Amino acid sequence: MIFETHAHYDDEAFDDDRDTLLLSMQENGIGLIVNVGASLKSTTASIRLAEKYPFVYAAAGVHPNETAELNEESFAWLRDQCFHKKVVAVGEIGLDYYWDEPSHEIQKLWFARQLELARAVKKPVIIHSRDAAKDTYDMMAAHNADEIGGVVHCFSYSAEMAQEYVKMGFYIGVGGVVTFKNGKKLKEVVEAVPIERVLLETDSPYLSPEPNRGKRNTSLNIPYIIQKIAEIKEMSYDEVIAVTEENARRMYQIRTK
Ligand code: NI
C-alpha cells in the first residue's frame, strides 16, 4: 500500500469534499495517511480526522511561522495532545526564514522546545526547514536529534545536506517537486540517498506534481511521485511503494494494517 506521510486534509481547500475524498483513498491504493498539524488549531483538526478514519494518523506540532501563538499554557496543551493514541509524531516544526515573522529568535526558541518535547514523549519529529539550512542542521545537531529521529519533510536542500541528515538517522520526505522540470536538486537528492531513507509525501493541498502542477493537490497524485522515484532509482513502481511503506511504518511506529 502507498503510505502518504504528510498531508493537510484539515485545510479549507478540502471543505467541500473532504469526506468523499478521504473515503476514496483506500480503494485507490493509499492505505495510510498522516495528517500533520501546523498550528494549535490544525493539531486539533488533525486529531479529529484521525479519530474519524482508522487509516488516518495525526502529528501534533506548531509550524515555525505560527510559533507566535505558543506560550507556556498552549505548549502544555500541545504536550498533552502527544499522548493521544493516534498521534505518531511531533510536527511540523522547524525554521522558515522565507518569512520574517515571527523573528528568527522566536522560531528557534520554539523549535528547540518542540524538539525536546518529542524526546520526552518518545515520538519522531517532522521537520519543516526553508531558507534556513545551516541553523536547522546546527540546532538539530546541538539537540542530539539523532536520538529523536524523524523526517526532513519537503526536502529542499542539497544532496550533501541530505546525506548529513541520513547520517543523523533521518528520513528524507520527497513530494511533487521531484516531478518538476526545475526540480533538479531534489532529483539529485533522491539519487544520493538510499531508498530505505525516502518517504512519500504530498503536502496536500500544496505542491501538486506534474502533470497537475498548480492545481489543488491530493494524495491521489502520489503515483506521479512514485513513478519519478522509480525512474531515478531504477526500481520497479511496486518496489518503491513497498520499501517506502516499510520506511514510514518504522519511523512512525505503525504496525496495524
Ligand atoms: Ni506541511
Side-chain angles (χ1 to χ4, degrees), residues 2-15 18 21-22 25 30 32-50 56-67 69-70 78 81-82 86-99 102 107 110-111 114-115 118 123-133 136 140 150-157 165 170-180 183 186 189 198-209 212-222 225 244 248 251-252:
I2 294 171
F3 194 135
E4 153 75 290
T5 64
H6 193 121
H8 301 281
Y9 283 108
D10 54 292
D11 193 282
E12 61 183 14
F14 300 109
D15 280 356
R18 181 173 296 110
L21 190 60
L22 282 170
M25 288 298 160
I30 318 295
L32 288 163
I33 297 172
V34 173
N35 203 83
V36 178
S39 63
L40 299 170
K41 190 171 159 231
S42 67
T43 291
T44 303
S46 296
I47 293 171
R48 290 293 95 81
L49 283 175
V56 176
Y57 287 80
V62 176
H63 182 288
N65 293 135
E66 304 292 333
T67 46
E69 69 176 352
L70 283 170
L78 186 65
Q81 307 317 302
C82 294
K86 293 205 76 183
V87 169
V88 290
V90 173
E92 55 189 289
I93 65 172
L95 300 173
D96 191 326
Y97 293 172
Y98 181 79
W99 307 103
Q107 292 190 32
W110 292 109
F111 183 27
Q114 292 183 93
L115 278 172
K123 308 263 184 208
V125 285
I126 301 170
I127 303 290
H128 168 103
S129 178
R130 188 179 186 192
D131 295 347
T136 305
M140 287 170 66
V151 59
V152 184
H153 121 84
C154 193
F155 197 84
S156 60
Y157 300 134
Y165 281 115
F170 269 69
Y171 293 85
I172 305 296
V174 176
V177 176
V178 78
T179 69
F180 294 177
L186 185 58
V189 166
V198 172
L199 298 186
L200 300 176
E201 63 168 48
T202 61
D203 208 17
S204 293
Y206 312 106
L207 293 171
S208 219
N212 294 323
R213 191 172 180 180
K215 296 184 192 152
R216 181 184 75 165
N217 200 6
T218 79
S219 310
L220 300 176
N221 283 321
I222 287 193
I225 300 165
T244 53
M251 190 193 88
Y252 285 128

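Please read these numbers as outputs of a predicted model, since none were measured by experiment. Note that ligands are numbered from 1 as they come in the structure, with each ligand's atoms numbered from 1 the same way.
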Study note, to complete from the structure: Within less than 2.8 Å of the Ni ion (ligand 1), the count of protein N, O or S atoms comes to 4

Practice item. Can you sort out the partners of H6 under ring-ring contact (aromatic ring centres under 6.0 Å, His included), two or more places apart, ordered by chain and number? Key: H8, H153

Practice item. Compare every heavy atom of E4 with every heavy atom of S219, then report the nearest pair and how far apart it is. Key: OG-OE2, 2.7 Å

Check your understanding: Can you check side chain to side chain contact (heavy atoms under 4.5 Å, CB included) on I93 and I127, steps first, answer last?
Key -> CA-CA 5 Å; I93 65 172; I127 303 290; 4.2 Å; yes

Point to revise | For R213, salt bridge (charged side-chain N to carboxylate O under 4.0 Å, His left out) partners two or more places apart | key: none

Review point. Which pair of heavy atoms, one from I2 and one from L200, lies closest together, and at what distance?
Key: CG2-CD1, 4.2 Å

Exercise for review: Would you please name every residue forming a ring-ring contact (aromatic ring centres under 6.0 Å, His included) with Y57, sequence neighbours left out?
Suggested key: none

